[in-house]
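Since the structure is predicted, the reported quantities are computational estimates derived from the model, not experimental observations.
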Amino acid sequence: MDLCMLSYKRQFREERKVTESDKRTFAMVFEKCDEDRKGYLNRQDLKMAVVMLFGYKPSKSETNLLMDHALRANLPGVPLDLFVSLMGMKLSAEDRYDKARQIFNAFDVRCRGFLTMEDFKRAFARAAPRLPERTVQEAFREVDQDSDGHVSFKDFECVMSYAEANL
């Protein structure tokens, strides 16, 4: 088994532990989303909280699942303690492989299944506009492991898992 696969198995399939810092972040986001100081998050508040924490808008079914916990307890919404618990479960179950796939797909705007130097330049221009073009080119060459001018998801994911393992 190669180094990339070992790194993948270690990094992407281990459950992430929820830290006290994570819990403080959850509480801070709860406070920001509970604008009316109701003491709970309604559906809209909850959606916004997930966007703030995880970077995506939850589907209707996911929101229903999260709200169902409060409804079963006859609560008008999700209170802080339940929110922290739910977000902790969500964070610990988050699949890092899926996260790498989402980032790759954001770079792959033409949905070709690979990235070119132009895709890299476009993505870095939006994410880090002051980054010198030479640095972007060097990053591309580093990720393009077989030097074919295309970065496959496998190449991209291997570099992402290696980077995360060495943070």
Side-chain angles (χ1 to χ4, degrees), residues 1-115 119 122-124 126-128 143 151-167:
M1 191 177 303
D2 67 2
L3 178 64
C4 183
M5 187 54 81
L6 284 172
S7 179
Y8 167 80
K9 286 182 180 238
R10 184 177 69 242
Q11 285 297 309
F12 288 110
R13 295 300 173 197
E14 283 182 3
E15 230 180 59
R16 184 186 187 290
K17 302 288 185 221
V18 178
T19 65
E20 288 304 313
S21 176
D22 292 329
K23 291 177 183 179
R24 285 191 298 275
T25 301
F26 299 157
M28 182 184 71
V29 168
F30 181 92
E31 288 177 26
K32 285 183 180 182
C33 292
D34 182 17
E35 292 176 354
D36 301 334
R37 304 290 178 245
K38 306 173 293 294
Y40 63 87
L41 300 181
N42 61 28
R43 291 182 70 77
Q44 288 306 109
D45 299 335
L46 187 58
K47 286 180 187 179
M48 182 55 66
V50 171
V51 169
M52 290 174 74
L53 289 168
F54 297 97
Y56 74 93
K57 182 180 175 187
S59 67
K60 185 175 183 177
S61 61
E62 182 178 359
T63 305
N64 287 343
L65 282 171
L66 294 170
M67 288 300 295
D68 191 48
H69 291 277
L71 297 174
R72 279 189 266 142
N74 292 321
L75 299 170
V78 178
L80 176 60
D81 60 335
L82 180 57
F83 177 75
V84 169
S85 174
L86 290 170
M87 295 304 106
M89 288 187 290
K90 185 167 181 49
L91 182 66
S92 66
E94 188 176 44
D95 188 344
R96 292 182 183 147
Y97 176 85
D98 286 341
K99 199 158 205 84
R101 176 56 79 180
Q102 289 172 354
I103 294 167
F104 180 85
N105 289 343
F107 277 48
D108 184 18
V109 295
R110 293 192 179 117
C111 300
R112 295 176 295 196
F114 62 86
L115 305 175
D119 295 323
R122 190 179 312 98
F124 278 100
R126 281 185 274 145
V143 177
V151 173
S152 67
F153 176 69
K154 181 181 176 190
D155 293 338
F156 186 82
E157 182 258 329
C158 186
V159 170
M160 292 287 289
S161 65
Y162 177 81
E164 190 154 324
N166 291 292
L167 287 178

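- Residues F156 and I103 are in side-chain contact: their nearest non-hydrogen atoms beyond the backbone lie under 4.5 Å apart.
- Considering every non-hydrogen atom in both Y40 and P76, the closest pair reads CE2-CG, 3.6 Å.
- A perpendicular orientation is assigned to the rings of F124 and F107, their planes being inclined by more than 60° (bins at 30° and 60°).
- V50 has its side chain out of reach of K57: every pair of non-hydrogen atoms, C-beta onward, lies at least 4.5 Å apart.
- Using a 4.5 Å heavy-atom cutoff, the side chains of K60 and R43 are in contact.
- F83 is listed as a side-chain neighbour of L41, based on a closest heavy-atom distance under 4.5 Å.
- Taking the side chain as every heavy atom from C-beta outward, E35 and M48 never approach each other to under 4.5 Å.
- Looking at F153 and N105, their side chains never come closer than 4.5 Å, going by heavy atoms from C-beta outward.
- What you find for D119 and L115 is that their closest heavy atoms are OD2-CA, 3.3 Å.
- At least one side-chain heavy atom of K38 sits under 4.5 Å from a side-chain heavy atom of D45.
- The environment of K32 atom NZ is sparse: at most 12 non-hydrogen atoms of other residues, nucleotides or ligands sit within 6.0 angstrom.
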Assess the residue pair T19 and D22 against the criterion (side chain to side chain donor-acceptor pair (under 3.5 Å)); give the C-alpha distance rounded to whole Å, side-chain angles, the decisive distance to 0.1 Å, and a yes or no. CA-CA 5 Å; T19 65; D22 292 329; 3.2 Å; yes
